[in-house]
J.: 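Before we start, here is the structure in question, set down as structure tokens.
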2 protein chains.
Amino acid sequence: MKTEKISELTTNRLSVYLRCLNELAAAGVETISSQAMAEQFNLNSAQIRKDLAYFGEFGVRGVGYYVEELRQHLMKILGLTEKHRVAIVGLGNLGMALANYQGFNQHSFNIVALFDADPAKVGSRVRSGLEIQGSENLKEIIKRENINIVIITVPAHAAEQVLEQVTEAGVRAVLNFAPVHLHPKPGVKVKTVDLTTSLESLSYFLANPSADGINVDYRDFLRYEADSNGAGR
Amino acid sequence: MKTEKISELTTNRLSVYLRCLNELAAAGVETISSQAMAEQFNLNSAQIRKDLAYFGEFGVRGVGYYVEELRQHLMKILGLTEKHRVAIVGLGNLGMALANYQGFNQHSFNIVALFDADPAKVGSRVRSGLEIQGSENLKEIIKRENINIVIITVPAHAAEQVLEQVTEAGVRAVLNFAPVHLHPKPGVKVKTVDLTTSLESLSYFLANPSADGINVDYRDFLRYEADSNGAGR
DNA sequence: AATTGTGAATTCCTTCACAGCC
DNA sequence: GGCTGTGAAGGAATTCACAATT
């Protein structure tokens, strides 16, 4: 285990490897080579080996990686053996959809609180039965409920203020859907998912078909993901 | 105007610059320097100048960039002067939210068709009045309606097949929310938004606070300090 | 024989630094 | 004086290529 700085490009890929291993494990596959995994994602096999080697020597020469063993390692490395308590702030279309979404890793990420500033929404419940709370008590509820990840789905103009409040409440990880660049304090990590930018970037490639890079693959996604995080470093 | 390859990192930033310019224009600001813009996004001013310089000499030395003029250029470069006709495939929570979302650039991106394979959903309408159609006629409707961007919000196992169908229908730009690596044909651009990966990457950060920065980067602290005492800019 | 782990080479991206212009 | 545009330098991420290991 080295003490080198791990880039976000790497952590994003680790998450993708983990998903792949989950599928392999479910299919009963016992070992996998970096080459075989690389082919699935149009990645270079050396990159996979390097990503993994940051954290230990998990492979066996001549064999590859034991699927279940590597899966456990990645879960540990990514902090997925801990349950994360997640709050969503802003229950518009997107916030509602995420509140009802079954797609997250249910074991690791539990949505345990919902907030909205609109009094008309406060008190109503989403499908899971969770009740929408007013934003007045955001800070104390976040503290009391030990929430450590906040998803921001408020309008752009309100996002920075929400970030400030949840930061004061001790939250250090934020997934931001507001189309705005946030300014996190040191030690606070913001990842922004910006749908407008994604669409506009697609638009660019439609408008410039001659441009290279038109045949993209997962690498571009991973790179974008890393790049679009606010700051915190 | 150069013929160099424009990276997706650059096109993503162009979209961010455009958003910034929209705000400046709305605020009545007439010119902006690369330095002033850079401060808003924690970017290097040379990077902004370089990104813009790929497409022309838009600035004026000693002055900066004329906001409205640069805004028009960026709209043109990003292909936003054309209206894009967008379809959403998969009207689950997320697809529904996006169908009702007002946040996209309404002038450039029009959602004009919705598809779902579930017969129970076919025929119902979203808030805008648009009707959900069955997936049987996906290809012909996409052609007939001249749809050029497709948003995929189906479950992971169905996404690749949707990509194939819309590719056959002539679509060359896809925004994919399914947590899976897709394999687009050459000339087809796929951007994937992967919420699980985003969350897991945040989880890594929480599990390894020393890795990504608490007090590691002093410059970051200084930057924050400078920002938070109303002095700068 | 197969496959890892990794230094070296390469490619790509960002930042510096300054000439050139307003 | 202030700011752009850009070649050069620097830094980061990726890929190559091979010795080491099972």
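Hydrogens, waters and symmetry mates play no part in the numbers below; they use all other heavy atoms, side chains included. Throughout, protein chains are lettered first and strands after them, A, B, ... in sequence-line order, and every chain is numbered starting at 1.
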J.: What's the closest nucleotide to the B:Gln47 side chain, out of C:dT4, C:dT14, C:dG5?
T.: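 Taking heavy atoms from C-beta onward, the closest nucleotide is C:dT14.
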J.: OP1 or OP2 of C:dG5 versus the side-chain N and O atoms of A:Tyr65: is any pair under 4.0 Å?
T.: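 Yes, because at least one side-chain N or O of A:Tyr65 sits under 4.0 Å from OP1 or OP2 of C:dG5.
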J.: In Å, rounded to the nearest 0.5 Å, how long is the span from CD1 of B:Ile147 to CD1 of B:Ile142?
T.: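 Going from the CD1 atom of B:Ile147 to the CD1 atom of B:Ile142 covers 5.5 Å.
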J.: On DNA chain C, does the nearest nucleotide to B:Val60 precede the nearest nucleotide to B:Ala46 from the 5' side, or the other way round? Give the residue.
T.: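 Looking at DNA chain C, the more 5' nearest nucleotide goes with B:Ala46.
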J.: Should the side chain of B:Arg61 and the base of D:dT4 be counted as holding a donor-acceptor pair, with the cut-off at 3.5 Å?
T.: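 For B:Arg61, whose side chain was compared with the base of D:dT4, there is a donor-acceptor pair (under 3.5 Å).
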J.: Indicate yes or no: does A:Arg19 engage B:Glu200 in a salt bridge with an N to O separation below 4.0 Å.
T.: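 No salt bridge links A:Arg19 with B:Glu200.
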J.: Of all heavy-atom pairs between A:Leu21 and A:Leu74, which one has the smallest distance, and what is that distance?
T.: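 Closest approach of A:Leu21 to A:Leu74: CD1-CD1, 3.5 Å.
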J.: Can you figure out which of D:dT6, D:dT14, D:dA20 approaches the side chain of B:Glu57 most closely?
T.: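 Closest nucleotide to the B:Glu57 side chain: D:dT6.
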J.: Find the distance A:Ile48:CD1 to D:dA13:C1' and express it as a whole number of Å.
T.: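 It works out to 15 Å between those atoms.
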J.: OP1, OP2 of C:dA17 versus side-chain N and O of B:Arg49: anything below 4.0 Å?
T.: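 False: B:Arg49 side-chain N/O out of range (4.0 Å or more) of C:dA17 OP1/OP2.
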J.: Take atom CD of A:Glu168 as the centre, draw a 6.0 Å sphere, and report whether it contains more than 12 heavy atoms from other residues, nucleotides or ligands.
T.: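 It does: A:Glu168 CD has more than 12 such atoms within range.
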J.: I need the CD-C1' distance between B:Glu30 and D:dC3, as an integer number of Å.
T.: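 These atoms are roughly 18 Å apart.
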J.: Please compare B:Val63 and A:Gly62 by the position of their nearest nucleotide in DNA chain D and report the one closer to 5'.
T.: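 This one resolves to B:Val63.
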J.: Contact class for A:Ser34 vs. all strands (heavy atom < 4.0 Å): base, sugar-phosphate, or nothing?
T.: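 Here A:Ser34 touches the backbone only, sparing every base.
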J.: Indicate, with a heavy-atom threshold strictly under 4.0 Å, whether A:Ser45 touches base, sugar-phosphate, or nothing.
T.: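 A:Ser45: no heavy atom of the nucleic acid under 4.0 Å.
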